[in-house]
Amino acid sequence: DLMRFTILVVDDEKNIREGLAEALGLDGYRVRTAADGAEGLKAVEEGDVDLVITDLRMPSLSGGELLERISGRYPGLPVIVLTGHGTIEDAVEAMRHGAFDFLTKPVNLDHLSLLVKRALDSSELARKNKELEAEVEAQKRTSSIIGSSAGMKRVFDLIRRVAPTKASVLITGESGVGKELVADAIHNLSPRSGGPLVKVHCAALAESLLESELFGHEKGAFTGAQGRTRGRFELANEGTLFLDEIGEINQNVQIKILRVLQDRKFERVGGEETIETDVRIVAATNRDLKKEIAEGRFREDLYYRLNVVNIHVPPLRERRDDIPLLAMAFLREFADENGKKIEGFDTKARSALYAYTWPGNVRELRNCVESAVVMARGGLVEAEDLPPSVRSSGEERDIRIPSGSSLSDAERILIRETLAAQNGNKSRTAEILGIGRKTLYQKIEDYGLEPPDAAAAAAASGEAPSGGAAAADASPAG
């Protein structure tokens, strides 16, 4: 879509300036013009310029100086220089200073057209590569979604079903359950994965800033608005916009978001130009939006527009089977980061991790494991290495069996939790459950209850403990 690109033509000769502007306009580009280098630099500073075509010899600020300023401050912005027949040396010098290419006057319009397209393609490619690098970096830093529990299997199933569609998605769940990773997965598995994924953390921005952040603003729209800025709705065009903590936004911004969802149109703050955008919205909240609606703080019509598909991410206390998988993934990550050789968790530590209710969910578990890795002295994380609140949870425990569990699910949970409570002592576990040791061993094998770090734990305790959930393959979704 060529209309997305704005080209700035800088030339002190009016006829050349207007002739080039007309030719580029016919090619479908938006064109701005400037009569000298100083005016050209001002236009670049105002933003929204994708390519500069400049004459080299101009009064006030020459094309060469303009090029140097642009390549110093806006290194990704391509510049094509115009030069007379006798000044090819100037053009070569300009190329040395970072010009994309040069054209001799009189300008061949077909050649200009090809050159402009090539320059825009290369800068677009560079921009996409930069975004890709940032994304890869972000993926390295965050663990993919991990889970083999029934609750997480439902989440994965919904992600896979909704990702290929255009439907808006509302992700709900407590703080720290990994709602942002679900948004990443929806984008990565969608036909829009080649487009941008733009994130806005609504609660982190002051009300006055949020509107400008979402919709952009024109120069002078408010004190300190030095140039035109594109908002997140514009930047997310042909991609996905993730609105985190959507329950925190005020009614004024809610109305504007509703209009974008209905009409796919908006104006920048302080601007009159109507901008169209093709964006898929994924929102997340840890608030009860129905309650917010009842109390008059959230618009019901916006809620139904956002909540076309709801994905509820269960809290960690309802998916205890995933605790060993997550804990081991985080252990590997932080052991590598800290250059430590740690094989796993001892039985007391594992027991404490299971028993704790994790009010901060996966985020809290991640922080807990990071701290434990730092504190650990040996090849296993011990209960003493865990934060006091987590450590003390291993001392008393109830066994919870979620409603809807099958008999075999209930048996697996009962065996796993009893083993953990007995620090992996199988003889004592068999005695408490009233079954023979051989039967217990068979069931441990059938249910895959031997944890991934059992061998290391066995070496430490003298008996292979089995206080872990099924160490099924982690299910990454993003």
- Taking the side chain as every heavy atom from C-beta outward, state whether V279 and V260 have any atom pair closer than 4.5 Å. no
- Is it true that the side chains of N361 and E174 contain a donor and an acceptor less than 3.5 Å apart? yes
- Has the side chain of N250 got a donor or acceptor atom that lies under 3.5 Å from a matching backbone atom of N252? yes
- Item | Residues in salt bridge (Lys or Arg N to Asp or Glu O under 4.0 Å) contact with D48, at least two apart in sequence or another chain | R228, R230
- Check whether the side chains of T172 and N310 place a donor and an acceptor atom closer than 3.5 Å, and report yes or no. yes
- Query: Regarding Q442 and D446, is there a side-chain donor-to-acceptor distance under 3.5 Å anywhere?
  - Reply: yes
- Item | Any side-chain donor near an acceptor of the partner, R305 and S168, under 3.5 Å | no
- Passes salt bridge (Lys or Arg N to Asp or Glu O under 4.0 Å), K265 versus E267? Steps please. CA-CA 7 Å; K265 291 175 184 169; E267 286 82 37; over 6 Å; no
- Item | Pair Y74, E45: side-chain N/O donor-acceptor within cut-off below 3.5 Å | no
- Message: Quick check on E272: does its CD atom have over 12 non-hydrogen neighbours (other residues, nucleotides or ligands) under 6.0 Å away?
- Response: no
- Run the salt bridge (Lys or Arg N to Asp or Glu O under 4.0 Å) check on K153 and D157 step by step: do they pass? CA-CA 6 Å; K153 279 178 181 157; D157 182 49; over 6 Å; no
- For salt bridge (Lys or Arg N to Asp or Glu O under 4.0 Å), just list the numbers for D121 and K117, CA-CA rounded to whole Å, side-chain angles, deciding distance to a tenth of an Å, and then say yes or no. CA-CA 6 Å; D121 282 349; K117 193 173 179 326; 3.2 Å; yes
- Task: Take L316 and V177, measure what side chain to side chain contact (heavy atoms under 4.5 Å, CB included) needs, and give me the verdict at the end.
- Result: CA-CA 7 Å; L316 194 50; V177 289; over 6 Å; no
I'd like a table of donor-acceptor pairs (distance under 3.5 Å, sequence neighbours excluded) in which one partner is a side-chain atom from residues 375-386, with atom names and distances.
from : atom 1 : to   : atom 2 : distance (Å)
D385 : OD2    : E382 : N      : 2.8

- Message: Between F233 and F215, is the ring centroid distance below 6.0 Å?
- Response: yes
- Query: For N188 and S193, does a side-chain donor sit closer than 3.5 Å to a side-chain acceptor?
  - Reply: no
- Hey, does L170 have a side-chain heavy atom less than 4.5 Å from the side chain of L289? yes
- Query: Would R268 and E234 count as a salt bridge (Lys or Arg N to Asp or Glu O under 4.0 Å) if you check the C-alpha gap in whole Å, the side-chain angles of each, and the deciding distance to 0.1 Å?
  - Reply: CA-CA 9 Å; R268 297 190 189 102; E234 216 170 327; 2.8 Å; yes
- Parallel, tilted or perpendicular: rings of F330 and F334 (30°, 60°): tilted
- Message: Test side chain to side chain contact (heavy atoms under 4.5 Å, CB included) on L205 and V200; report intermediate values, then the result.
- Response: CA-CA 9 Å; L205 293 160; V200 185; 4.0 Å; yes
- Message: Any heavy-atom pair between the side chains of E318 and M152 that's under 4.5 Å?
- Response: no
- Message: If only side-chain N and O atoms count, and only distance matters, is there a donor-acceptor pair under 3.5 Å linking Y303 with R299?
- Response: no
- Does atom CZ of R259 have more than 12 heavy-atom neighbours, drawn from other residues, nucleotides or ligands, at distances under 6.0 Å? yes
- Query: Are any non-hydrogen side-chain atoms of M328 and F345 less than 4.5 angstrom apart?
  - Reply: yes
- Message: Using a strict threshold of under 4.0 Å (side-chain N to carboxylate O), is an ion pair present between R366 and E333?
- Response: yes
